[in-house]
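Predicted model only: the values in this text are computed from it and were never measured. Starting from 1, each residue takes its place in the sequence as its number. Any value given below was found using the heavy atoms of this structure, including those in side chains, with hydrogens, waters and symmetry copies removed.
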Amino acid sequence: MDGNTAVFLVLIAPAWEQRKLGELYKEVSEKNDLTYGRDRIISVAHMYFNPVVYVTEDDYLKTYNVMRLGDIAFEGNRSKNFAHGRLVENTIGDGIVSHVFKVFRPIRPFDLMYWKYSINNEKAMKDVLTRSTKASTMMHELVAKDFLNEEIAVPSLEEQRQIGAFFDRLDSLITLHQRKYCGVASWMLGVALVRLGSESGGAFGEMKHVLQ
């Protein structure tokens, strides 16, 4: 694909359902029984295995929470892109995270790639996190009960798969082109989520964006 090729996204969707996050996820506190060693420590901020984390002794790994594939964790650091922290999905495989991270596990069938982009999108999740976090000195803290009581618009599983596949492909293209269009995928998904989620009657027509 050359730089003049247009990429079009057409989203013709049925109405999305309003679901409480508590219908989609549950909070878990599954402690590590040393099934997972240092090589399975997950960096939540960057979502990769980070075995160089300093741990005084292996027994300390028992304090770590297990984070399985598809689980999400709250990362409370504020930034210009995430005013109240952000949620990050585990897309790399079962591992462990520090006990300071709250972990939530899906309880309904889901598409991994859709939720990777959706749950981490500031445009889609800002209001939810505004209402379900509280500020502390260095970062925001997520109140699990409030978070699980919040509602979001959710597409059907088949539509999740289609959207997830599209944005995964788009993200791959962005990486291939040395992230020349960094932020495009996040922006497009945010617009799609907000517009589709607010449509009570279903389809809203076409959404187009050109990569030049």
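Pairs passing the side-chain hydrogen bond (donor to acceptor under 3.5 Å, both in side chains) check and including a residue from residues 40-62, sequence neighbours excluded, read R38-D58. The ring-ring contact (aromatic ring centres under 6.0 Å, His included) contacts involving residues 75-102 comprise H84-H140, where partners must be two or more places apart or lie in separate chains. Applying the salt bridge (charged side-chain N to carboxylate O under 4.0 Å, His left out) rule to pairs touching residues 143-154 yields R131-E150, sequence neighbours excluded.
The CZ atom of R19 lies 4.0 Å from the CZ atom of R108; values are rounded to the nearest 0.5 Å. Considering CG of D171 and CZ of F166, their distance stands at 11.0 Å, rounded to 0.5 Å. Here OH of Y64 is found 4.5 Å from CD1 of I41. Values are rounded to the nearest 0.5 Å. To the nearest 0.5 Å, atom OG of residue S156 and atom CZ of residue R161 are 9.0 Å apart. The CD1 atom of I96 lies 4.5 Å from the CG atom of L61; values are rounded to the nearest 0.5 Å. Taken to the nearest 0.5 Å, the CG atom of L142 stands 7.0 Å off from the CG atom of L129.
Under the 4.5 Å side-chain heavy-atom criterion for grouping Ile, Leu, Val, Met, Phe, Trp and Tyr, V103 is not connected to V128 through any hydrophobic cluster. Both L148 and F110 belong to a common hydrophobic cluster when Ile, Leu, Val, Met, Phe, Trp and Tyr are linked at side-chain heavy-atom distances under 4.5 angstrom. Connection of V88 to W115 is not established within any shared hydrophobic cluster, with ILVMFWY side chains joined at heavy-atom distances below 4.5 Å, either directly or through further cluster members. Residue L34 is grouped with residue V53 when hydrophobic side chains (ILVMFWY) are merged at heavy-atom distances under 4.5 angstrom, including chains of intermediate members.
A donor-acceptor pair under 3.5 Å is absent between the side-chain atoms of D127 and the main chain of T130, judged by distance alone. Of the possible donor and acceptor atoms, one in the side chain of K31 sits under 3.5 Å from a partner among the backbone N and O of T63.
Closest of all the heavy-atom pairs between Y117 and F167 is OH-O, 3.4 Å. When all heavy atoms are compared, the tightest approach of G164 to D111 is CA-OD2, 3.9 Å. Residues P155 and Y114 approach most closely at CD-OH, 3.4 Å, considering heavy atoms. The heavy-atom pair separating M47 from I92 by the smallest distance is O-CG2, 3.6 Å. Minimum interatomic distance between I107 and G22 (heavy atoms only, all atoms of both residues): CD1-O, 3.6 Å. Minimum heavy-atom separation, L69 to G93: CD1-N, 3.6 Å.
Listed by chain and number, the residues in a side-chain hydrogen bond (donor to acceptor under 3.5 Å, both in side chains) with K26 amount to none (sequence neighbours excluded). With sequence neighbours excluded, the residues forming a ring-ring contact (aromatic ring centres under 6.0 Å, His included) with F147 are F104, listed by chain and number. For the side-chain contact (heavy atoms from CB on, under 4.5 Å) test, residues two or more places apart in sequence or in another chain that qualify with R68 are E30, Y36, V66, D71, D94, R105.
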- Task: For N121 and R86, run side-chain contact (heavy atoms from CB on, under 4.5 Å): C-alpha distance rounded to whole Å, both residues' side-chain angles, the deciding distance at 0.1 Å, then the answer.
- Result: CA-CA 8 Å; N121 189 275; R86 63 191 176 117; over 6 Å; no
Exercise for the section: For side-chain contact (heavy atoms from CB on, under 4.5 Å), just list the numbers for S29 and N65, CA-CA rounded to whole Å, side-chain angles, deciding distance to a tenth of an Å, and then say yes or no. Expected result: CA-CA 6 Å; S29 183; N65 292 325; 3.9 Å; yes
message: With side-chain contact (heavy atoms from CB on, under 4.5 Å) as the criterion, how do F49 and I42 come out once you've worked through the C-alpha distance, each side chain's angles and the decisive distance to 0.1 Å?
response: CA-CA 5 Å; F49 293 114; I42 295 173; 3.6 Å; yes
**side-chain contact (heavy atoms from CB on, under 4.5 Å) between T133 and E141, worked out** = CA-CA 5 Å; T133 58; E141 178 185 347; over 6 Å; no
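Considering K102, M67, E75 in turn, M67 is the only one that fulfils the side chain to side chain contact (heavy atoms under 4.5 Å, CB included) rule with V97.
Checking S79 against N81 by side-chain atom types alone, no donor-acceptor pair falls below 3.5 Å.
Side-chain contact between M125 and L87: present, with at least one pair of heavy atoms (C-beta onward) separated by less than 4.5 Å.
We find that K126 and E122 are not joined by a salt bridge, their nearest charged nitrogen and carboxylate oxygen being 4.0 Å or further apart.
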